[in-house]
Each structure stands twice: as C-alpha cells, then as structure tokens.
There are 6 protein chains.
Amino acid sequence: MTLSARNQLPGTIKSVVLGAVMAEIVVDVGGHEVVAAVTRRSAESLGLAAGDEVRVVIKATEVMIDK
Amino acid sequence: MTLSARNQLPGTIKSVVLGAVMAEIVVDVGGHEVVAAVTRRSAESLGLAAGDEVRVVIKATEVMIDK
Amino acid sequence: MTLSARNQLPGTIKSVVLGAVMAEIVVDVGGHEVVAAVTRRSAESLGLAAGDEVRVVIKATEVMIDK
Amino acid sequence: MTLSARNQLPGTIKSVVLGAVMAEIVVDVGGHEVVAAVTRRSAESLGLAAGDEVRVVIKATEVMIDK
Amino acid sequence: MTLSARNQLPGTIKSVVLGAVMAEIVVDVGGHEVVAAVTRRSAESLGLAAGDEVRVVIKATEVMIDK
Amino acid sequence: MTLSARNQLPGTIKSVVLGAVMAEIVVDVGGHEVVAAVTRRSAESLGLAAGDEVRVVIKATEVMIDK
C-alpha cells in the first residue's frame with residue numbers, strides 16, 4: 001500500500017455486524033481482538049465477511065499510549 | 001482500563017522522538033511497528049521511553065480495514 | 001488514568017441510545033451537553049446508563065478551536 | 001455555528017506553543033485544561049493567543065467515555 | 001467560518017440515510033462522492049436533506065495521502 | 001485501493017513542510033486547498049514532494065458537514 005497511514009496489522013475477520021449506517025468488524029490480530037467501526041457502505045463494497053484475511057489500518061495521529 | 005476505547009494491543013516502546021509540539025512513539029506490537037503521534041506534553045507527562053511496556057489504544061471508529 | 005489522551009472532563013450521563021452497531025451517550029459536562037458516539041459493544045461492556053458519573057476523554061489531535 | 005460537530009465548550013486560551021508544523025493550544029474550560037493540537041497554519045490564521053475567548057469543538061465520534 | 005478545521009470543500013447533498021444513532025450523508029464534491037458519518041442527532045438538528053448546498057469540513061490531522 | 005476509507009479526491013501536492021515529528025502537506029484538489037498533517041516518517045517514506053499527483057483519503061467518520 002502507498003497510503004500515508006502505515007500502521008498495518010494483519011488479521012482475520014471474526015465477525016461482521018451490519019447496522020443501518022455503520023458496520024462493526026471484529027478482527028483477530030495475533031490473538032487480540034480489534035474492533036473497527038466503518039460505514040455499512042464500505043463493509044458491503046469490500047464484501048467483508050468472517051474468515052477474510054485483512055489488515056487493520058490506523059493513522060498514527062489516532063493511536064494513544066497507555067502506560 | 002474502564003475506557004470505551006477498548007482496542008488495546010500490548011507492546012514495547014522502541015523509540016521516542018520529541019518535537020516542539022508533538023512526539024512520535026514507535027511501539028513493537030507482536031513484531032509489527034505501530035507509530036503513535038501524541039503531544040509532547042503527553043509523552044513527557046507519562047515519561048515514555050524506549051523499553052517501556054505499554055499498550056497501544058485505538059478507538060474503533062478510527063480503525064480501517066484493508067482487504 | 002495513565003492514558004496519553006489526557007483531556008478529561010467529568011460529567012454525568014443523561015441518556016444512552018443503542019443502535020445496532022453504535023451507541024449515543026449524552027453527558028452533562030458542567031451544564032454543557034457533550035455527545036459521544038461509541039460502539040454499542042463498548043457501551044454495553046461498560047454498562048453505561050443515565051446517572052453514571054463518568055469522564056469524557058478526547059485525544060488532543062481531535063480538538064478544534066472556534067474563535 | 002452550523003457545523004455538524006456540535007460538541008462545543010466555551011473557554012479561554014491559556015497558552016499557545018508553535019512548532020514547525022503543529023501548534024498546541026491549551027484552553028481553560030470551566031476550570032479544566034483542554035489541549036488542542038492543530039496545525040500551526042490554523043493557529044496563525046485564526047491569530048490564536050492567550051486570553052482569547054474561544055470554544056473547543058469536538059466531533060462526537062472522537063469522544064470516549066471513561067467510567 | 002472561524003473554525004481551526006479549515007479544510008472545506010463545497011458540495012451538494014445527494015442522499016441522507018438515518019440509522020438509530022448515526023446518519024450517512026453522501027455529498028457530491030466536484031463530481032466526486034464524499035461520505036460523512038455523523039450522528040443522527042446532528043443530521044436532524046441541521047435538517048440535512050438531498051439537494052442542500054453544504055461544505056464538507058475535515059481536520060488536517062484526519063487527512064491521509066495516497067501516492 | 002481496497003481500503004475501507006473510500007473518500008478519495010485526486011489532487012496535486014503544492015507544498016511539503018517537514019517538522020521534527022509531523023509534516024504538513026498542502027494539496028490542490030480541484031482548485032481548493034486541502035491540508036494534511038501526517039507524520040514526517042510517512043511523508044519521507046512516500047517521498048512526498050511538490051508536484052506529485054496524489055489522492056487525499058479521509059475516513060467517513062472524520063467528515064463533518066457545514067450547512
């Protein structure tokens with residue numbers, strides 16, 4: 001990918017829940033659950049489904065640190 | 001933690017770069033690099049330094065999926 | 001809290017609306033309404049309900065200034 | 001304001017720090033400090049300075065709840 | 001506008017979909033579709049409807065570059 | 001692109017300013033200026049420079065509407 005948001009972690013989709021506007025995508029990332037809230041439109045456009053091999057992508061300005 | 005942003009991945013800080021306003025924190029998360037851009041004020045307040053065991057925390061609405 | 005997102009304002013939850021994927025939490029913060037859109041999953045996991053004493057938490061990079 | 005981001009809290013700027021790219025604006029909001037990280041370009045364009053009466057503005061999808 | 005988020009592109013609303021908590025607003029911006037996910041509360045408060053002349057507004061820290 | 005953040009607008013980079021941690025990228029999008037604040041690391045990794053043909057990419061949850 002040539003996107004400036006270079007935080008990328010590979011994982012496998014565990015579940016997809018579609019709402020009227022938003023969709024919740026739960027991804028297993030190395031044994032940890034990562035939840036993404038994207039538009040239903042995006043989820044359907046990409047055809048996201050359980051079992052898909054994907055990457056979760058996060059812009060650096062959105063990452064917090066807990067110490 | 002009792003925060004609504006429950007995406008949390010454990011890792012180890014690899015480097016801290018301080019700018020005038022912002023700080024870049026690079027964290028090793030299971031062999032993948034995750035970069036966080038936080039305020040210098042936060043980095044100094046938490047005393048973030050290489051070698052620290054931390055968690056990266058991300059709100060679900062900030063997570064994208066690449067398939 | 002030991003989170004890098006240190007903007008925290010104390011308040012009281014006025015209402016919780018649950019959608020299929022998202023939840024709207026309205027918090028009274030010093031007489032001003034602050035609305036949070038979090039995942040339904042987070043709202044349920046924390047058991048958020050009207051009357052709860054909470055803090056709204058916001059990463060500095062998400063704050064805008066209107067002058 | 002006619003902006004969809006309607007979370008608005010009135011306050012007074014306490015300090016402005018300018019970096020090369022970003023600026024840190026600290027605002028006193030009802031006795032609590034709120035920190036905004038905006039571009040230096042925005043801070044200069046609005047002429048932000050200590051003592052200014054402003055509002056901090058936050059999109060609902062950026063607000064987290066800590067309980 | 002006197003908001004620090006100065007990225008503003010004029011457009012025309014093509015469609016509004018209301019969910020329980022969120023709303024999807026599709027805006028035609030110079031022939032390109034831009035999708036905004038805002039709270040239903042905001043969409044109703046502003047009375048957003050197809051045909052409205054609006055501006056899409058985005059904080060600089062939320063913009064990524066794809067090259 | 002196969003990214004869930006599908007808001008994409010083509011443009012041409014007008015200027016790049018590098019700070020210690022962050023970089024400001026100004027893009028001409030159909031005659032309008034769009035400013036992106038990304039990490040210096042990302043800007044350098046992608047080799048962003050004035051004149052580059054790029055796309056600005058924005059997650060729908062980050063887009064606000066001004067009416």
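Throughout, protein chains are lettered first and strands after them, A, B, ... in sequence-line order, and every chain is numbered starting at 1.
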> Does any backbone or side-chain atom of Ile65(E) lie under 4.5 Å from a heavy atom of chain F? Answer side chain, backbone, both or neither.
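Looking at Ile65(E), backbone and side chain both touch chain F.
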
> Given a strict heavy-atom distance threshold of 4.5 Å, which part of Val34(E) is in contact with chain F: side chain, backbone, both, or neither?
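For Val34(E), the contact with chain F is made by backbone and side chain together.
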
> Which one, Glu24(E), His32(E), Met22(E), Glu33(E), leads in non-hydrogen pairs under 4.5 Å with chain F?
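Highest number of heavy-atom pairs under 4.5 Å: His32(E).
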
> What are the two closest non-hydrogen atoms of Val63(E) and Val38(F), and how far apart are they?
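Where Val63(E) meets Val38(F) most closely, the heavy atoms are O-CG1, 3.7 Å.
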
> Under a 4.5 Å cut-off applied to non-hydrogen side-chain atoms, are Leu48(F) and Lys67(E) in contact?
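Leu48(F) vs Lys67(E): side chains touch.
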
> Examine whether an atom of Glu62(E) lies under 4.5 Å from a heavy atom of chain F, and if so say whether it belongs to the side chain, the backbone or both; otherwise answer neither.
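Both backbone and side chain of Glu62(E) come within 4.5 Å of chain F.
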
> Say you draw a straight line from CG of Asn7(F) to CE of Met64(E); how long is it, rounded to the nearest 0.5 Å?
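The distance works out to 9.0 Å.
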
> Mind ranking Val27(E), Thr61(E), Ile13(E), Val29(E) by heavy-atom pairs under 4.5 Å with chain F and telling me who comes out on top?
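Maximum pair count with chain F is reached by Thr61(E).
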
> With the side chain counted from C-beta on, respond yes when Leu9(F) and Leu9(E) share a heavy-atom pair under 4.5 Å apart, and no when they do not.
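Touching, per the 4.5 Å side-chain cut-off.
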
> Let me confirm one number: the CG-CG distance from Asp66(F) to Leu3(E), rounded to the nearest 0.5 Å.
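That separation rounds to 8.5 Å.
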
